[in-house]
Structures are given as C-alpha cells and as structure tokens.
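One is the number of the first residue; the rest follow in order along the sequence. Treat the numbers as computed from the prediction; the structure is a model and nothing was measured.
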Amino acid sequence: MRDVTDLPAPHRRSFLKYTGALGAAAALSSSLAACSSGPQSTNDTGGGKGGKDATLTAVIGYGNDGSWDPTQTASAFSMAANQHIYEGLLDTDPISREPYAALATEVPSDLTGTSWKFTLRAGATFHDGKPVTADDVVFVFDRILDPNTQTLAKGFFESWLKKVRRIDASTVELILKFPFPDGLSRLTLAKIMPRHVFSRPGAWDDAIKGKAVGSGPYRQTAHHPKSNTTFEAFAGYNGPRPPAFKRMNWLTIVDAAPRVAKISGASAGAQIADNIPYANIEQLKKGGMNVQGGAGMNNLFLMFNTRHKPFDDVRVRQALHYAIDTAKMVEVALRGHGRPSSSFLNEGNPTYRSAKTVYGYDPGKAKKLLKAAGVSGLKIDILAVNVSWILDCLPTIKASWDAIGVETTLSPQETTAVFTKMDQKQDYQVVAAASNPNQFGLDADLIMHYNYGPQNLWMQYARWADDPVARQLFKDMDRATREPDADRKKAMIQDYVDVVAEQAVLYPVVHNELMTAWDPGRLSGIRAQPYPGINLLQAKWA
C-alpha cells in the first residue's frame, strides 16, 4: 500500500518512476548500492534501552520505494526522510509551518517587493564534505523552473518565481514575478542538492531510486526499498537543528497489525510509529505509549471519470456525495477521529469557509438528482486504494449507494496499481483514495493548485480540464494567486472553492486525524503532525 500522498507529479511518463513502478528496487548508484546488499536487522535499536549511542527505530506506515528526488516526490516516507537529509534556503516548522532560516542566514523581513536576497550559512557542507554554494542553489531552482523539465515542484513555484541568480559564491537573489509573501514557506519545498552530484548523467534517475546527498543533520547510510532506510548523524552539520540521535533506522511496514506489533509490549523493536489505526489507540495507551493525533487535510476523496457517462453530469456526482452516510462513516470507520467535509479545505485551514454546497446525508435528494439526470439502474465499480483506513470506510459508501438503488462493487487494490491504470488511460468510473496536501504546507493557494489546474495530473485523471467550468475555474485561481491584498485573496479562494464543491469532480468525503504513537520513556520533543510521516528535528532521547 502507498497513500495517494505518494502521488502525483505532472509528467505522465515519469509518474511511474515517482511511485516506484519502474523499478524503485533496482540497483542504485554505485556509492549507495555498496551498502544496500540486503536489509539490515529491522530490530536494531542499538542495544535495548541504550543511551546516547542507541539507534532510534521508527516505523513508517507508508512505502519507502517511491521517488526520493526532492523536486519530484510526493511520497510520504521520502518526504519525511528528506526533511532530515536536505535543507531549503528556508524550512518550516512541521506543525505551525512558520518559515525559519535553514541554509540561509535569515528570513527576509520585507515581503512587499519582487526581490529576496539570501546569504548562505558559513561553513555549510554537503554530506560528501563539499561546501554548499550559490551555484548549488541556482542549479536546483533552474531545474524546477526549466520549461522543458516537468517536476512536481514546478507547480509550487512557476506561477510567482521568475528566476534565481547567483550574486557571489555565498549569495543568491530570487526574482519574483509579483510580490508573493506566501512564497517564503514554499522555499522548504526546494531542497538544495549538490550540483556536482546531481548534474551527472543519470543522477536524477538515481535520486528517484533513493540516492540522497544533502546538507541536513542526518545523512542516509543505506536504502532498502520495501524494507528500511538508515541514517546517521552528520558530524559536519552546523545548522539550526542539530541531530540528537547517533543513528536512525526507519522501517516501512504498511500493514497495520505488524506495524502496531513493532511498537507494542516489553520487547518493542521501535520507539515511534505513525499511521496508527484507531482501533489500537487504547491498547497502545494501556501499554504506556503516548498516542496523539493531528487533524488537517488528510481525507478520503472521490474522483470521477468525467468522460465516462453518466459522471459527466454534475447532478450524478452530487447525488453520489449526498447519498453517503458520512456521520456513520466517522462513527464506525474512523472511531470519531474525523468529520464530514464541509469544504475542500479542512476546518482548521486559515482560509477555510464552509462551502455553499455541503453534502449532508440526504438520500432523498440523491434520488431526485439521479432522476433529474435521467439515470436509473446505475452500476458502479469503485476503484479504491487499499490504505487501511480507506478500506474501513468503503463499506459505508457501498451500503449508502446500494440504498439509493446504485448497485455498487468495491475493488480495492495497491495504490500503484490504481494509478498505473489511470496513467495508462484505462477506463474507470470512480476512484476512492486518500490524500493530504498538508505535506506541502497550509497555503490554500498551493493546496488547490496541487489538486486543480489545466496541466495538473489529477485533472488529467478526472478528464475534466477542458470543461468550460474548469477553464473558468483555472482563470479564477490564477487571479487569486496574483492578488496582493491578503483579505481579498482569501475571499477569492473561498469563492472558487465553492465552485470546486459544487462540481464535485475530485472532492473529499471526510477529513480525518492521523495518529502517531511513541514511547515517552525513551523519546521527548515529539509532536504529532497532521500529515503522514514523522519529524524528529526537535526530538531527543528522554
């Protein structure tokens, strides 16, 4: 299983690489492959209770075989890992998402202009010992902004960033197309990579497969797709968040039962795990674990193939949303750790406003909409990802649709299999999957462009980008991006989110909490985050 947060990126051919479907387990570059002959012990905790030299062992509930290229990846595992391996000019706090100086020496104070200058931290070096220079910064941004290179990161920068230029060996200037204060927090999405490593032929493919060389507090020491990835403290790190653990071993365990077992009991082989099933919360608490949740954009969404009738009719899409007993889904499947969506944005987002169209449970209205659309005897095969909590939610969807006369079949599959079918332009009716744009930030403009846009892969999957409503929506979104007044911009985003809600092409059914569990007797400084993965940059041994 991989969550849809492993996906997507804008270029169709490369998409399979991002998800690992074109050989993420293939041989890596020679330097990495030398330490990747086989999985390390997944029970390595550095000698039991250990001390400062113990190995921190973490369990991640997502695959580690997606892309590791920071300019491409949306993989939950690799994005979390890259926060520890790489640095941006600025990085953001994992909870507040406030920017702080990382490779740069300070956060710009004047955001009214179209030029931001950054001085690099003196003595900053990459994990191979080479110094970080302005040329490395320009190298990364040139790749992101290259019109002939499609990267996921491009969608976060090209609308507002014109170019990045070298002033001297330790100073760069970002030249903006227009004032864009929200861009500060996005700089964490441009991880600075060594030009001398990744400008070599084939190096970007190596990055996809798992090669990682950064300037962050931890360096990658081994990468075993579908098993584990290991790290050690980087002795040459001189930045703001130094490493607290001598070694780390991150296990990928996507099945819920063995993931929970790994952190349970006196012989627990790990000290922290994310993606904790709701059914195991009390068990873990009784065993002395601290279990906390983070509520954010994590959601179960439905995406319709608008080229497959009758899903081209907005009334049919709306009917199927109105038919779902979301309160029952929250109570039974999510054990109360979620709420029915009342907007594309979750209620905690700073730009949130309840949408004009809210899909409360109304089977009568659903039947009327289907009748008005001239639809009867509808049969639907839901193509679903096999994320554990999604599987728990699917029976409610089936029961709800069956109850209004829509014969429903559930077809859960591996995430890679689901999206490979769409990447190959195979036919489908409805996809049910999980997503969490909060991986990239809280910025509503970013979140909405990640999901909607004329060149967006999601819209290619939904086959909706050429619809007249869609074309107008994309224009409204671009106008909001350029709006200088913060309050006006917020209102413009809220208005076009109303359109997204009404159209229900790709739209959340419920937003839910993500749970993290850790041993408070071993670890301190842990904060549960509302998106997949963990962040240990401010954690330490208890």
Side-chain angles (χ1 to χ4, degrees), residues 1-6 42 45 56-66 73-85 93-95 97 218 226-231 245 248-264 268-285 287 289-300 334-335 337-338 385-392 415 434-440 511-520 522-539:
M1 172 276 291
R2 279 202 300 276
D3 178 289
V4 175
T5 52
D6 288 358
T42 55
T45 58
L56 180 140
T57 301
V59 184
I60 308 298
Y62 306 89
N64 74 336
D65 57 344
T73 192
S75 161
F77 191 112
S78 59
M79 282 195 71
N82 282 344
Q83 294 295 335
H84 300 74
I85 296 171
D93 181 86
I95 306 302
R97 313 311 284 268
Y218 293 93
K226 301 185 183 299
S227 172
N228 67 313
T229 302
T230 61
F231 314 79
F245 308 105
M248 298 194 298
N249 184 20
W250 287 22
L251 314 177
T252 170
I253 304 180
V254 298
D255 294 328
R259 184 166 66 251
V260 171
K262 198 68 178 177
I263 60 169
S264 302
Q271 298 90 35
I272 184 170
D274 77 339
N275 199 18
I276 297 299
Y278 305 123
N280 297 107
I281 293 174
E282 292 307 315
Q283 165 206 341
L284 290 170
K285 285 183 175 180
M289 301 294 285
N290 197 338
V291 186
Q292 293 184 15
M297 270 294 292
N298 209 65
N299 67 87
L300 180 160
L334 304 181
R335 307 290 181 101
H337 293 277
V385 300
N386 65 344
V387 177
S388 56
W389 69 270
I390 295 289
L391 294 178
D392 292 339
T415 297
S435 181
N436 195 328
N438 282 162
Q439 286 186 117
F440 308 111
H511 290 104
N512 68 310
E513 284 185 288
L514 289 175
M515 310 304 295
T516 302
W518 68 92
D519 182 350
R522 299 297 314 283
L523 298 175
S524 66
I526 303 295
R527 293 180 292 168
Q529 59 190 37
Y531 49 96
I534 55 176
N535 187 300
L536 302 172
L537 295 181
Q538 292 178 296

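Counting heavy atoms from C-beta on, the side chains of L537 and H84 come closer than 4.5 Å. Between L536 and F231, every side-chain heavy-atom pair lies at or beyond the 4.5 Å cut-off. With a 4.5 Å cut-off on side-chain heavy atoms, P532 and L514 count as touching. In this structure, the side chains of D93 and Q538 come closer than 4.5 Å at one or more pairs of heavy atoms. Contact annotation: the side chain of D519 approaches that of M289 to within less than 4.5 Å [non-hydrogen atoms, C-beta and beyond]. Here the side chains of Q529 and I95 are in contact, with some heavy-atom distance below 4.5 Å.
Among residues two or more places apart in sequence or in another chain, the side chain to side chain contact (heavy atoms under 4.5 Å, CB included) test is passed with A58 by L56, W250, I272, I534.
For E513 against A295, the heavy-atom pair with the smallest separation is CG-CB, 3.8 Å. Across every non-hydrogen atom of G533 and A80, the tightest pair is CA-CB, 4.0 Å. Heavy-atom minimum distance, G63 versus F77: O-CB, 3.1 Å. When every heavy atom of V291 is checked against every heavy atom of A517, the shortest pair comes out as CG2-CB, 3.9 Å.
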request  = Could you go through the side chain to side chain contact (heavy atoms under 4.5 Å, CB included) check for V59 and I263 one step at a time?
outcome  = CA-CA 8 Å; V59 184; I263 60 169; 4.2 Å; yes
request  = Check step by step if side chain to side chain contact (heavy atoms under 4.5 Å, CB included) holds for H337 and I281.
outcome  = CA-CA 11 Å; H337 293 277; I281 293 174; 3.5 Å; yes
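The main-chain N or O of K226 is found under 3.5 Å from a side-chain atom of N64 such that the two form a donor-acceptor pair. Side chain of Y531 to backbone of P94: a donor-acceptor contact under 3.5 angstrom is found. Using a distance-only test at 3.5 Å, with no hydrogens or angles considered, no donor-acceptor pair links the side chain of D392 to the main chain of L334. With N436 contributing its side chain and P530 its backbone, the two residues share a donor-acceptor pair below 3.5 Å. Of the possible polar contacts, one joining the N299 side chain to the M297 backbone as a donor-acceptor pair under 3.5 Å is found. Between the R259 side chain and the V254 main chain, a donor and an acceptor come within less than 3.5 Å of each other. Looking at N249, its side chain never comes within 3.5 Å of a backbone N or O of T230 through a donor-acceptor pair. Under the 3.5 Å distance criterion, the side-chain polar atoms of Y62 are left unmatched by any main-chain donor or acceptor of N275.
Distance check, rounded to the nearest 0.5 Å: CD of Q271 to CZ of F245 gives 8.5 Å. Atom CD1 of I276 sits about 10.0 Å away from atom OG of S388, to the nearest 0.5 Å. Of the inter-residue distances, the one linking Y218 atom OH with Q83 atom CD reads 13.5 Å to the nearest 0.5 angstrom. Note that OG1 of T73 and CD of Q439 are 8.0 Å apart. Values are rounded to the nearest 0.5 Å. Atom CD of E282 is separated from atom CZ of R335 by 10.5 Å, given to the nearest 0.5 angstrom. To the nearest 0.5 Å, atoms OG1 (T57) and CG (N228) are separated by 9.5 Å.
If you check the side chains of N280 and Q283, you find a donor sitting under 3.5 Å from an acceptor. Checking N512 against Y278 by side-chain atom types alone, a donor-acceptor pair falls below 3.5 Å.
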